[in-house]
Amino acid sequence: MTTQIMLRSPEVIAAEIRSIDQQARQYVLQSAIDIGRKLKEAKELVAHGEWGGWLQDNVNYSQSTANNFMRVSEEYENSQTLANLSYTQAVALLSIPAEERESFAEENKVEDLSTRELQTLIKEKKALEKQLKKANEQTEYERMEREKVESSLAEMQKQNGMNYELAERYKSDLEAAHKIGDVDQINAIQKKLNEKESELVDNQKRIKELEKLLKAKPIDIPAPEIIEKVPEDVEKELAQLREQVKRNENKAMAKFAVIFETVVKDFDNLLGALYEIKTTAPDEHARFLNAVSGLLGRMSEKAK
């Protein structure tokens, strides 16, 4: 007896206890899987609406307990990695997505944790995931806002280039009007020139504001501030057309308004391309400008 006690050290006994504990865990979890499987079988046979009563009368399980058994049977039946978990650990891990469950259990050595420690760990994981999701959403929001600002800045720069071109043209026209002494023409051109130079000043101010926004982090621009730039006179004319169509409910006029708005936007794009040609291939600019002028002339004649 004494010899037997000497051979069985505390470490050996501890190893035996751990082995029994592991076997017990496996047995309990496997039993839960078997129970879950049989519950699923029974549920298919019980009439609709009678499942809760059947559980109470036959196995004394709540529906929540029965659901846990059935989910454990579905999620753990073929998993060797999770076979050593206790039943309560297995239930706790059900809140982890199936595709992440095994790696989560291995990385965190879930077998060595108490159920309370595991629940705390899962809670922390979900909190971190929530924070990460929020951070990603904020990053995406800032990226989209930056794109809006960049787009608005590009549009403003293009518009500014066209305004500059028009202002230069008005200056040339004004000089010619002075030479012939046409006072009415001088006043008319001077008015247009003043308006265009005022727009240039406003555009430059807006460009600086947008450039400042691009340098700032994070960008926080209310969406309504990002608008498409439409010439003021065209916008006014379109507003009148829309109002007229609204009053008359005339389909032809409604169609005209839609097409007209499309043509205006395309014409803006055409002017933008023309400006790019002037800056990148100035020798070709006059040829393309003549093409545009010719097109406008033909359009004007056909519209009469």
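Counting begins at 1 with the first residue of the sequence.
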Starting from the C-alpha separation in whole Å, work towards a yes-or-no answer on side-chain contact (heavy atoms from CB on, under 4.5 Å) for Lys40 and Glu44. CA-CA 6 Å; Lys40 288 167 60 181; Glu44 293 180 356; 5.6 Å; no
Provide the closest heavy-atom pair for [X] versus [Y] in the form atom of the first, atom of the second, distance.
X      : Y      : value
Ala90  : Leu85  : CA-CD1, 4.2 Å
Leu200 : Asn163 : CD2-CB, 3.7 Å
Leu193 : Ala167 : CD1-O, 3.4 Å
Tyr170 : Ile189 : O-CG2, 3.3 Å
Tyr87  : Ala32  : CD1-CB, 3.4 Å
Leu94  : Arg71  : O-NH2, 3.4 Å

Do we see a donor-acceptor contact under 3.5 Å between the side chains of [X] and [Y]?
X      : Y      : result
Glu140 : Asn136 : no
Asp34  : Gln30  : yes
Ser86  : Thr88  : yes

Any heavy-atom pair between the side chains of [Y] and [X] that's under 4.5 Å?
X      : Y      : value
Leu39  : Trp51  : yes
Lys171 : Glu197 : yes
Asn84  : Leu29  : no
Glu16  : Val12  : yes
Val149 : Arg146 : no

Might you work through the side-chain contact (heavy atoms from CB on, under 4.5 Å) test for Arg206 and Asp202, ending with a clear yes or no? CA-CA 6 Å; Arg206 182 58 179 154; Asp202 292 342; over 6 Å; no
Look at the side chain of [X] and the backbone N and O of [Y], then say whether any donor-acceptor pair between them is shorter than 3.5 Å.
X      : Y      : result
Gln89  : Val110 : yes
Arg37  : Glu77  : no
Lys126 : Ser95  : yes
Ser151 : Glu147 : no
Ser19  : Ala15  : no
Asp21  : Ile17  : no
Asp182 : Asp184 : yes
Ser198 : Asn194 : no

For the atom pair [atom1] ([X]) and [atom2] ([Y]), what is the distance rounded to the nearest 0.5 Å?
X      : Y      : atom1 : atom2 : value
Lys43  : Leu55  : NZ    : CG    : 8.5 Å
Ile122 : Asn108 : CD1   : CG    : 9.0 Å
Gln159 : Met156 : CD    : CE    : 7.5 Å
Leu153 : Leu210 : CG    : CG    : 5.5 Å
Glu102 : Tyr76  : CD    : OH    : 9.5 Å
Glu168 : Asp173 : CD    : CG    : 11.5 Å

Passes salt bridge (charged side-chain N to carboxylate O under 4.0 Å, His left out), Glu145 versus Lys148? Steps please. CA-CA 5 Å; Glu145 290 301 323; Lys148 289 179 182 177; 3.6 Å; yes
Co-membership, hydrophobic cluster, residues [X] and [Y], 4.5 Å side-chain:
X      : Y      : value
Ile33  : Val59  : yes
Leu296 : Leu166 : no
Tyr164 : Val292 : no

Please report the C-alpha distance between Glu155 and Lys158 in whole Å, then the side-chain angles of each, then the deciding distance to 0.1 Å, and finally whether the salt bridge (charged side-chain N to carboxylate O under 4.0 Å, His left out) criterion is met. CA-CA 5 Å; Glu155 180 68 25; Lys158 184 175 75 174; 3.8 Å; yes
Output, in order, the C-alpha distance, side-chain angles, deciding distance and verdict of side-chain contact (heavy atoms from CB on, under 4.5 Å) for Lys109 and Leu113. CA-CA 7 Å; Lys109 298 181 179 177; Leu113 301 178; over 6 Å; no
Glu75/Arg101 salt bridge by N-O under 4.0 Å criterion: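 Glu75 and Arg101: salt-bridged.
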Show your reasoning for whether salt bridge (charged side-chain N to carboxylate O under 4.0 Å, His left out) applies to Lys196 and Glu199. CA-CA 5 Å; Lys196 202 53 62 181; Glu199 286 184 29; 3.6 Å; yes
Under the side-chain contact (heavy atoms from CB on, under 4.5 Å) criterion, do Lys125 and Glu100 qualify, and how do the steps go? CA-CA 12 Å; Lys125 176 180 185 297; Glu100 302 175 14; 3.1 Å; yes
Check the pair Lys133 / Glu129 against salt bridge (charged side-chain N to carboxylate O under 4.0 Å, His left out), numbers first and verdict last. CA-CA 6 Å; Lys133 181 181 179 183; Glu129 288 174 343; over 6 Å; no
Looking at Glu175, I want to see if its CD is surrounded by more than 12 non-hydrogen atoms of other residues, nucleotides or ligands under 6.0 Å.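 For Glu175, atom CD is not crowded (no more than 12 foreign heavy atoms under 6.0 Å).
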